[in-house]
Amino acid sequence: MSLDKTYTPHDVEQRIYEQWENSGAFACGPHKTSGGEGDDAYTIVIPPPNVTGSLHMGHALNNTLQDILIRYNRMNGKDTLWQPGTDHAGIATQMVVERQMEAEKLSRHDLGRDKFIARVWDWKAESGGTITRQLRRLGASCDWGRERFTMDEGLSTAVQKVFVELHREGLIYRDKRLVNWDPLLHTAISDLEVENKEQTGKMWYFKYPVANSDGSVRDGEFVTVGTTRPETMLGDTGVAVHPDDERYTDLVGQNVILPIVDRPIPIVADEYADPEKGSGAVKITPAHDFNDFEVGRRQDLEVINVLDHNAAINENAPEHLQGLDRFEARDAIVKEMEGLGLLEKVEENPMTVPYGDRSGVVIEPWLLDQWFVDAKVLAQEAIKAVEDGRTTFHPKQYENLYFEWMRNIQPWCVSRQIWWGHQIPAWYGPDGHPFVAYSEEEAEIAARTHYGQDVNLTRDPDVLDTWFSSALWPFSTLGWPDETPELKRYYPTDCLVTGFDIIFFWVARMMMMGLHFMKEVPFKDVYIHALVRDEKGQKMSKSKGNVLDPLELIDQFGADAVRFTLTSQAVQGRDVKLSTSRIEGYRNFVTKIWNAARYAEMNDCKPDANFDPAKVDLTVNRWIIGKAAEACAQIENAIDAYRFNEAADAGYHFTWGAFCDWYLEFTKPILNGDDEAAKSETRATMAWALDQILHMLHPVMPYVTEELWTQITDRNTQLMLSDWPKLSGLESADAESEMDWVVRLITAVRQVRSEMNVEPKAQLTLRLKDANAETLARLDTHRDLIHRLARIENSGALDGEVEKGSVTAVLDEATIVLPLAGIIDVAAEKTRLDKEIKKLDPEIMKYEKKLSNAGFLAKAPAEVVSEQKERLEGLKADRAKLDEALARLADL
RNA sequence: GGGCGCGUAGCUCAGCGGGAGAGCACUCGCUUCACACGCGAGGGGUCACUGGUUCAAUCCCAGUCGUGCCCACCA
């Protein structure tokens with residue numbers, strides 16, 4: 001079998017993936033690699049994508065990084081579990097299905113709850129597999145046999161148990177308070193689901209007439225209040241002034257008449273009113289403003305709700321305004337106030353307006369009975385766990401973000417007035433008393449005890465916030481509340497890989513729930529990666545329509561190229577901006593690897609099981625082995641520190657810069673020669689080095705490496721299950737310095753050739769002047785490859801004078817002499833030398849200045865001083881040789 | 001109003017107390033027996049600005065300007 005001339009990812013990827021998956025290679029369990037015992041577990045739970053979703057760039061980055069960690073640890077002998085699954089995404093999914101039904105002119109209420117939910121399940125069955133198929137295309141090595149869905153039976157049991165237990169502990173409670181109401185979706189949402197947007201709005205100043213004690217209006221006496229939402233004035237039940245505000249001292253305790261409504265409302269003294277702002281008096285609308293609600297509680301004000309669930313004016317308002325939409329009502333009220341002569345002024349006002357992140361409409365604070373989680377209590381241990389390092393964030397600075405939010409955490413409103421989700425396990429008696437229980441039967445028993453007789457119970461129609469079930473993901477997917485072997489083995493998980501945008505939504509809540517129910521952190525490390533943004537630096541989102549499709553890129557360039565690009569960009573704390581040219585560049589890298597493998601194959605370089613990299617003779621071979629060891633260590637260190645870009649870099653540079661650019665060229669003379677022993681060692685070394693490359697790059701580029709692994713050998717194994725290289729100790733300093741010299745010699749000759757416009761085909765003579773014995777020995781050892789790569793036909797030491805018409809270059813103690821009589825272009829050579837000198841002189845001055853600085857000599861570490869001295873001497877010697885060369889040139 | 005981050009080659013970005021780097025783009029030269037998705041050579045940067053610490057600052061500190069994001073109940 002021989003390798004195809006070109007690598008076509010499209011043909012290969014699907015086949016390879018099926019082979020992996022069908023062989024059971026993804027499955028967890030202590031049966032993995034050939035060498036590893038698999039004693040240590042390594043676990044990652046996938047951030048479950050929305051079941052409605054399809055793969056976007058953020059997923060691609062997120063899952064590429066997880067796959068790197070998983071594949072790397074799997075190769076290192078760990079029993080790895082990458083737990084996959086999807087999220088039911090309550091509101092998002094319900095919206096998708098409702099939108100579909102709109103085409104049939106159906107609402108969910110036409111169907112009824114049961115039928116609607118059945119329809120969502122149908123939809124999930126039909127298109128719920130999209131994203132997991134797409135993750136497969138990316139190459140994700142998840143244990144698909146363990147795939148979970150947040151509304152699976154087992155996970156639903158976990159949700160129920162958590163709700164019931166937290167309720168019994170008093171950490172979930174029902175409360176009537178203002179919540180963020182989405183008037184389009186008709187549900188409450190949590191604080192986090194509200195997006196505050198900067199806008200320029202208006203501030204209207206209304207005059208409220210002051211009333212006499214008998215209720216009549218005092219002529220010409222008003223209290224001015226400002227508002228950005230005039231429609232809420234219909235629900236005003238008070239006006240607050242600061243207790244120390246002397247302007248209003250006399251009015252406290254009296255009433256104003258609320259215009260339009262003609263209701264007397266009290267003027268109260270409350271520190272909430274800021275004398276500095278506006279008139280110093282503020283209207284209080286407890287039913288429609290979070291602050292006002294608090295003031296109302298303190299001041300015992302009436303709470304009058306004037307909006308219905310659509311945020312239209314309801315029956316508590318004057319008849320002529322009822323039924324108007326909130327914004328229509330706003331206009332109408334302003335107009336009416338103006339007509340009454342009670343509009344003092346209107347100002348432009350910069351403000352932040354709350355929008356629902358799903359619906360995109362303005363959110364209304366609305367008074368409702370809802371279920372709340374006492375996050376303040378649960379946060380305590382979660383804060384501690386990060387403080388004491390049981391869980392560590394990478395990069396570390398995200399811990400601040402976490403702390404800040406956790407320390408100021410608010411009660412978490414978890415009930416949602418939608419149908420798709422986990423229905424809250426609460427039943428109400430006739431008087432509305434709630435019974436939280438595992439089943440209706442249990443609730444009935446509790447009710448019987450409570451009421452002393454059988455009563456009819458009604459189940460709470462609400463469902464839980466989607467993030468409630470996501471918060472349990474690290475243990476619910478492992479079987480909790482059952483004490484499964486998996487739970488014991490894989491919890492706590494090792495690393496959570498996610499974007500900073502869901503630290504609050506998800507990470508924080510997993511920490512709270514994990515610690516509360518498992519008594520252990522859900523993950524030891526949290527790796528926060530950057531967001532993949534669009535070219536304007538904006539977050540990609542479906543609603544903005546600026547989403548790039550990773551699948552198209554995979555089609556175009558292959559999954560490996562896309563993965564490598566994302567990895568090379570995955571720098572801690574910096575956003576990823578994708579450019580096609582970059583992906584193209586790494587697609588070329590994939591091709592390069594392929595071609596290198598083809599070359600090895602053509603030269604009969606087959607892996608030899610008996611090859612021992614510690615026992616090779618030839619310097620070139622020891623050199624590439626040492627380089628492989630270095631690269632491998634760099635990759636290990638990089639992955640261990642979650643510096644993915646550095647891992648990608650190290651692999652790239654070793655493969656292309658060392659192996660392809662130099663090693664394959666270095667060894668051509670050997671492979672074409674007739675020294676059988678050298679040939680055989682070199683073949684084995686090349687095959688070995690290529691093997692190391694396949695291993696090292698596998699976590700990032702699984703497909704091409706696996707394909708080559710299976711194609712270039714007849715070993716019946718999978719690369720993904722083979723052992724990570726253990727190369728420490730194979731580094732070779734002497735081979736390194738020797739080959740480095742060869743590289744510099746060749747480069748120097750090439751430079752001269754290029755700048756002198758020497759005919760590319762011309763074979764030159766090379767002489768080394770003033771070369772020491774070691775240098776001459778090196779020339780001798782590597783003569784063949786030097787001749788080949790620098791196009792030299794004859795080389796050796798130069799004993800006499802440099803002959804006229806030679807070009808020279810400096811290489812350590814020696815001078816490279818290239819007799820170019822007849823070819824040399826004097827002017828060009830002078831230009832070249834001048835250029836060199838121009839580069840050197842400022843350098844020399846810099847070091848001279850530094851070394852003449854007494855402070856430097858006295859305070860800098862000795863090794864720094866001597867190093868700088870050496871550097872200066874080297875530069876000076878180079879400079880002297882350049883002068884000599886110039887002098888010789890003058891003779892011509 | 002708080003908080004976090006960023007400003008390094010034309011573009012996208014690494015690096016970071018003692019010799020300025022990569023990919024792409026650009027220039028020149030190559031059908032060199034793996035690869036033109038290639039090979040070789042090259043041009044290009046007061047490392048935003050100002051001040052401080054230090055023997056030494058692109059790197060540490062302070063401030064300024066520009067820019068991005070997160071949080072916040074500002075009538």
Side-chain angles (χ1 to χ4, degrees), chain A residues 3 5-7 191 196 203 205 225-229 239-240 272-274 277-285 289-294 349 351-352 365 395 397-398 400-401 404-405 408 500-501 503-504 530-531 533 535-539 557 561 565 568-569 571 573-582 584-603 643 645-646 649 652-653 660-661 664-665 668 672 746-747 750-755 757-761 788-789 791 843 846-847 850 853-861 864-865 867-868 871 875:
Chain A
L3 295 171
K5 186 144 200 299
T6 51
Y7 173 68
D191 297 346
N196 292 305
M203 175 79 79
Y205 290 89
V225 293
T227 181
T228 56
R229 295 191 301 152
V239 169
Y272 168 66
D274 183 349
K277 279 181 191 162
S279 64
V282 56
K283 68 194 255 321
I284 301 297
T285 322
D289 183 283
F290 290 101
N291 288 313
D292 293 5
F293 185 74
E294 293 307 316
N349 184 50
M351 53 196 236
T352 54
Q397 76 241 22
Y398 284 109
N400 294 330
L401 199 64
E404 191 205 307
W405 191 69
N408 299 300
F500 77 87
D501 52 328
I503 290 179
F504 306 145
L531 248 44
R533 294 177 185 275
E535 58 282 330
K536 292 172 207 148
Q538 281 194 313
K539 201 165 142 180
F557 299 107
T565 307
S568 72
Q569 301 253 73
V571 178
R574 186 141 187 163
D575 289 337
V576 172
K577 284 185 209 165
L578 267 198
S579 75
T580 314
S581 67
R582 197 130 181 163
E584 213 177 299
Y586 293 125
R587 185 272 320 268
N588 297 350
F589 179 46
V590 174
T591 308
K592 187 78 179 175
I593 299 167
W594 186 262
N595 283 313
R598 277 180 63 223
Y599 172 79
E601 183 186 55
M602 284 172 189
N603 283 283
R643 302 174 80 92
N645 60 311
E646 289 181 9
D649 249 32
Y652 184 92
H653 285 118
C660 292
D661 282 351
L664 296 188
E665 299 301 327
K668 278 176 182 172
N672 293 331
I746 292 167
T747 304
R750 282 172 172 173
Q751 194 176 340
V752 169
R753 296 183 65 116
S754 177
E755 293 190 5
N757 294 317
V758 174
E759 187 63 27
K761 282 183 181 136
R788 183 190 174 95
L789 298 182
R791 301 227 164 204
E843 286 283 300
K846 200 173 93 186
Y847 286 107
K850 200 180 224 178
N853 180 338
F856 173 70
L857 295 173
K859 296 192 179 175
V864 171
V865 175
E867 183 205 17
Q868 307 271 311
R871 215 171 276 164
L875 291 172

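Note: hydrogens, waters and symmetry copies are ignored here, and every other heavy atom, side chains too, is used. Chain letters run A, B, ... following the sequence lines, proteins first and then strands; every chain starts at 1.
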*When you measure from the side chain of A:Gln868, which nucleotide among B:rC37, B:rG19, B:rC73 comes out closest?*
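Among B:rC37, B:rG19, B:rC73, the one nearest the side chain of A:Gln868 is B:rG19.
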
*Compare the minimum distances between each of B:rC37, B:rA72, B:rA41 and the side chain of A:Asn196, then state the nucleotide with the smallest one.*
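Closest nucleotide among those given: B:rA72.
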
*Please check if the side chain of A:Arg753 supplies one atom and the backbone of A:Arg791 the other of a donor-acceptor pair under 3.5 Å.*
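Present.
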
*Please answer whether the main-chain N or O of A:Leu3 pairs with a side-chain N or O of A:Glu601 as donor and acceptor at a distance below 3.5 Å.*
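It does hold such a pair.
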
Quick check on [N]: is either OP1 or OP2 less than 4.0 Å from any side-chain nitrogen or oxygen of [X]?
| X | N | answer |
| --- | --- | --- |
| A:Arg791 | B:rG40 | no |
| A:Arg871 | B:rG19 | yes |
| A:Lys592 | B:rA36 | no |
| A:Lys846 | B:rA56 | no |
| A:Gln751 | B:rG42 | yes |
| A:Asn588 | B:rG38 | yes |
| A:Tyr847 | B:rG19 | yes |

*asked:* Between B:rU12 and B:rG42, how many Å separate the two C1' atoms, rounded to a whole number?
replied: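 That atom pair is separated by 22 Å.
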
*Distance between C1' atoms of B:rG44 and B:rG21 (Å, rounded)*: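 Result for the C1' pair: 13 Å, nearest Å.
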
*Spacing of OG belonging to A:Ser568 relative to OH belonging to A:Tyr586, to within rounding of 0.5 Å*: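 Spacing of OG (A:Ser568) from OH (A:Tyr586) equals 3.5 Å.
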
*Of the non-hydrogen atoms in A:Lys283 and A:Val225, which two are nearest, and what is the gap between them?*
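Looking at all heavy atoms of both residues, the shortest contact is N-CG1, 3.7 Å.
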
*Atom of A:Thr228, atom of A:Met351 and distance for their closest heavy-atom approach*: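 Of all heavy-atom pairs spanning A:Thr228 and A:Met351, the closest is CG2-SD, 3.8 Å.
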
*Look at the side chain of A:Arg587 against the base of B:rC37 and say whether a donor-acceptor pair falls under 3.5 Å; ignore hydrogens and angles.*
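Such a pair is found, so the answer is yes.
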
_A:Arg753 CZ to B:rA41 P, straight-line distance once rounded to whole Å_ =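 Rounded to the whole Å, the gap is 12 Å.
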
*What is the distance from CH2 of A:Trp405 to P of B:rG2, rounded to the nearest Å?*
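About 23 Å, once rounded to whole Å.
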
*Can you tell me which stems involve RNA chain B, if a stem is defined as three or more consecutive Watson-Crick or G-U wobble pairs, both distances under 3.5 Å?*
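Counting only runs of 3 or more consecutive pairs, the stems involving RNA chain B are B:1-7 with B:65-71, B:10-13 with B:21-24, B:26-30 with B:38-42, B:48-52 with B:60-64.
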
*Quick one: side-chain hydrogen bond (donor to acceptor under 3.5 Å, both in side chains) partners of A:Tyr398, sequence neighbours excluded?*
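Applying side-chain hydrogen bond (donor to acceptor under 3.5 Å, both in side chains) to A:Tyr398 gives none.
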
*Residue that, paired with A:Tyr7, satisfies ring-ring contact (aromatic ring centres under 6.0 Å, His included) out of A:Trp594, A:Phe557, A:Phe589*: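 The passing option is A:Trp594.
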
